Peer 1: 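The structure follows.
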Amino acid sequence: MTNIAIQTDSLSRSFGDVKAVDGISMTVDSGAIFGFLGPNGSGKTTTIRLLLGLLAPDSGSAKVLHFDTRTEADAIRLQTGALLEHTGLYERLSAIDNLEFYGRVWRLNKVERAARIQELLQSMGLWDRRGDTVSTWSRGMKQKLAIARALLHKPALLFLDEPTAGLDPVAAAELHENLINLARKQNVTVFLTTHNLAEAEKLCDQVAVIRHGRILSIGTPDTLRLKQGGSRIEVIGKGFNEALLSQLRQRSEVHSLELKEHHLTISLNGQPETAPLVSLIAAAGVEIEEVRKGAASLEEVFLTLMEEEKSNDQ
């Protein structure tokens, strides 16, 4: 139990007739970057508010850092940091004055406050701009400062709601490095919501896909790719014909095919041997230039889950 940061059991919350969170059960390991993925309105933000004890569940239970969200919400908020809809920054103040203010809110003493502020601003690459008025900063710099604000009191768990939304690729990549360092070097658990599937694939140790308040799948990115998307091979060459494609479709290991000009993608059931398929393609007279083997991307898995859920709803 000591290595678990979050544990929920059939956690549910409704607003009128809308079931925003519907029987969520999940476990988040300490020191992990956990990705919570889903479309708008799927229940991501409501889940975070339940975990912070800002909302009471209708049924089910949740423990965050081993505290019960119903009865020990104050203790949870003392040991967690959160960057949700708003940055919480005062833009007319400098970066150092913003953190000085929040350090006082957290009742850090003067020496501790100064050391922590310098440590965070240096780790975020903002120390040289510490005296600048925040309103003059780029969005990426403000987002980094907001994360520093959330980390000021050394929380064990950090909640981030779409932290890279609207950032350019360079700023997003820098923020990714900061988050990885937090988890790997400081053992901070990061609970991250994002629409960016490539981001989740790069950052997250565990991911959960949620829609209509229900978790559709949960596990490591690799587990989800194999479970939902299987593996695939891509064959680049010339001479594909309908007879060959028909023959491939009848194979038990083949889930589906897609041919675009000289590029054939074969989605497979599970992880079968691929050499027989390549031999079959070559024997059919295809001039093979390249063969690539891999798994479905997390984005493809996500879209598959969304389509399956939509079909179940109809």
Side-chain angles (χ1 to χ4, degrees), residues 5-6 28-36 45 48-49 51-54 64-67 73-91 93-132 134 137-165 167 171-194 199 203-205:
I6 297 172
V28 178
D29 296 334
S30 295
I33 299 179
F34 183 88
F36 206 45
T45 301
I48 290 178
R49 292 174 67 81
L51 294 175
L52 286 170
L54 298 172
V64 176
L65 302 174
H66 310 296
F67 296 109
D74 288 344
I76 290 171
R77 291 193 289 271
L78 281 172
Q79 296 194 38
T80 57
L83 174 55
L84 304 181
E85 297 94 338
H86 306 291
T87 62
L89 301 176
Y90 294 95
E91 298 215 349
L93 298 180
S94 68
I96 204 163
D97 285 344
N98 264 278
L99 296 188
E100 179 73 19
F101 169 78
Y102 280 105
R104 290 173 181 268
V105 170
W106 286 109
R107 298 181 180 178
L108 304 179
N109 66 51
K110 185 176 180 180
V111 173
E112 186 182 7
R113 212 162 54 231
R116 184 62 172 158
I117 289 171
Q118 182 171 350
E119 176 191 0
L120 286 168
L121 290 177
Q122 285 180 334
S123 70
M124 295 286 178
L126 301 173
W127 180 247
D128 291 343
R129 302 285 300 276
R130 62 190 180 277
D132 292 1
V134 171
W137 280 13
S138 68
R139 183 166 182 172
M141 292 173 67
K142 290 176 184 176
Q143 198 76 332
K144 285 186 176 185
L145 182 61
I147 291 176
R149 185 267 301 163
L151 289 169
L152 199 56
H153 57 302
K154 296 186 177 179
L157 170 61
L158 182 63
F159 289 99
L160 298 175
D161 195 3
E162 299 286 343
T164 59
L167 299 189
E174 290 174 351
L175 193 53
H176 292 165
E177 286 302 315
N178 291 133
L179 296 179
I180 290 169
N181 287 337
L182 277 175
R184 304 294 179 264
K185 296 181 181 179
Q186 299 180 41
N187 202 41
V188 174
T189 306
V190 179
F191 189 99
L192 170 80
T193 75
T194 180
E199 176 176 81
L203 289 178
C204 297
D205 305 296

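When a residue number appears, it is its place in the shown sequence, counting from 1. Only this structure's heavy atoms are used, side chains among them; waters, hydrogens and symmetry mates stay out. None of these values were measured; they are calculated from a predicted model.
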Peer 1: Under the rule for side-chain contact (heavy atoms from CB on, under 4.5 Å), what residues qualify as partners of E112, not counting sequence neighbours?
Peer 2: L108, N109
Peer 1: Between OG1 of T193 and CD1 of I48, what distance do you get to the nearest 0.5 Å?
Peer 2: 5.0 Å
Peer 1: If the condition is side chain to side chain donor-acceptor pair (under 3.5 Å), which residues does R113 pass it with, not counting sequence neighbours?
Peer 2: E100
Peer 1: Which distance, rounded to the nearest 0.5 Å, do you find between the CZ of F159 and the CG of L84?
Peer 2: 8.5 Å
Peer 1: Going by the rule ring pair (Phe, Tyr, Trp, His ring centres under 6.0 Å), which residues pair with F34 if we only count those two or more places apart in sequence or in a different chain?
Peer 2: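 Counting only residues at least two positions away or on another chain, F34 forms a ring pair (Phe, Tyr, Trp, His ring centres under 6.0 Å) with F191.
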Peer 1: Scan the side chains in residues 143-155 for donor-acceptor partners under 3.5 Å anywhere in the protein, sequence neighbours excluded, and list what turns up.
Peer 2:
{"from": "Q143", "atom 1": "NE2", "to": "P163", "atom 2": "O", "distance (Å)": "2.5"}
{"from": "K144", "atom 1": "NZ", "to": "M124", "atom 2": "O", "distance (Å)": "3.4"}
{"from": "K144", "atom 1": "NZ", "to": "E174", "atom 2": "OE1", "distance (Å)": "3.0"}
{"from": "R149", "atom 1": "NE", "to": "T87", "atom 2": "O", "distance (Å)": "3.3"}
{"from": "R149", "atom 1": "NH1", "to": "A82", "atom 2": "O", "distance (Å)": "3.3"}
{"from": "R149", "atom 1": "NH2", "to": "T87", "atom 2": "O", "distance (Å)": "2.6"}
{"from": "H153", "atom 1": "NE2", "to": "T80", "atom 2": "O", "distance (Å)": "2.9"}

Peer 1: Could you pull out all residues at least two apart from R49 that satisfy side chain to side chain donor-acceptor pair (under 3.5 Å)?
Peer 2: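 In terms of side chain to side chain donor-acceptor pair (under 3.5 Å), with neighbours along the sequence ignored, R49 is linked to no residue.
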Peer 1: Who pairs with F101 by side-chain contact (heavy atoms from CB on, under 4.5 Å), at least two apart in sequence or on another chain?
Peer 2: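 Once residues adjacent in sequence are excluded, the partners of F101 under the side-chain contact (heavy atoms from CB on, under 4.5 Å) criterion are Y90, V105.
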Peer 1: Can you pull the salt bridge (Lys or Arg N to Asp or Glu O under 4.0 Å) pairs that have at least one residue in residues 73-89, sequence neighbours excluded?
Peer 2: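 Checked against salt bridge (Lys or Arg N to Asp or Glu O under 4.0 Å) - neighbours excluded - the pairs reaching residues 73-89 are D74-R77.
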Peer 1: Can you tell me how far apart CG (L157) and OG (S30) are? Round to the nearest 0.5 Å.
Peer 2: 8.5 Å
Peer 1: Would you name the heavy atoms of G131 and S94 that are closest together and state the gap between them?
Peer 2: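 Taking G131 first and S94 second, the nearest heavy atoms are O-CB, 3.5 Å.
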Peer 1: Going from CG on L192 to CG on L203, what distance comes out if it is rounded to the nearest 0.5 angstrom?
Peer 2: 6.5 Å
Peer 1: With sequence neighbours left out, what residues match T164 under side chain to side chain donor-acceptor pair (under 3.5 Å)?
Peer 2: E199
Peer 1: With rounding to the nearest 0.5 Å, note down the distance linking CD1 in I117 to CD in E119.
Peer 2: 11.0 Å
Peer 1: Please tabulate, for the side chains in residues 178-187, all donor-acceptor contacts under 3.5 angstrom to protein atoms that are two or more places apart in sequence or on a different chain.
Peer 2:
{"from": "N178", "atom 1": "ND2", "to": "S123", "atom 2": "O", "distance (Å)": "3.1"}
{"from": "N181", "atom 1": "ND2", "to": "E177", "atom 2": "O", "distance (Å)": "3.3"}
{"from": "R184", "atom 1": "NH2", "to": "D205", "atom 2": "OD1", "distance (Å)": "3.1"}

Peer 1: What closest approach, in Å, do R130 and W127 show between heavy atoms, and which atom pair accounts for it?
Peer 2: NH1-O, 2.8 Å
Peer 1: Would you say the side-chain atoms of Y102 pair up with the backbone N or O of L89, donor to acceptor, closer than 3.5 Å?
Peer 2: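 No; judged by distance alone, with no hydrogens or angles, the pair does not exist.
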Peer 1: Report the residues that fulfil side chain to side chain donor-acceptor pair (under 3.5 Å) with D128, sequence neighbours left out, ordered by chain and then residue number.
Peer 2: none
Peer 1: Indicate the atoms forming the closest heavy-atom contact of V134 with K142, along with that distance.
Peer 2: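 Answer, listing the atom of V134 first, then K142: O-CE, 3.3 Å.
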Peer 1: Taking side chain to side chain contact (heavy atoms under 4.5 Å, CB included) as the criterion, tell me which of V28, I6, I33 meets it with T189.
Peer 2: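 For T189, the side chain to side chain contact (heavy atoms under 4.5 Å, CB included) test succeeds with only one of V28, I6, I33, which is V28.
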Peer 1: Using the salt bridge (charged side-chain N to carboxylate O under 4.0 Å, His left out) criterion, which residues pair with D97? Sequence neighbours excluded.
Peer 2: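 Partners of D97 by the salt bridge (charged side-chain N to carboxylate O under 4.0 Å, His left out) criterion come out as none, since no residue qualifies.
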Peer 1: Between atom CD of E162 and atom CG of L167, what is the distance when rounded to the nearest 0.5 Å?
Peer 2: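 Spacing of CD (E162) from CG (L167) equals 11.0 Å.
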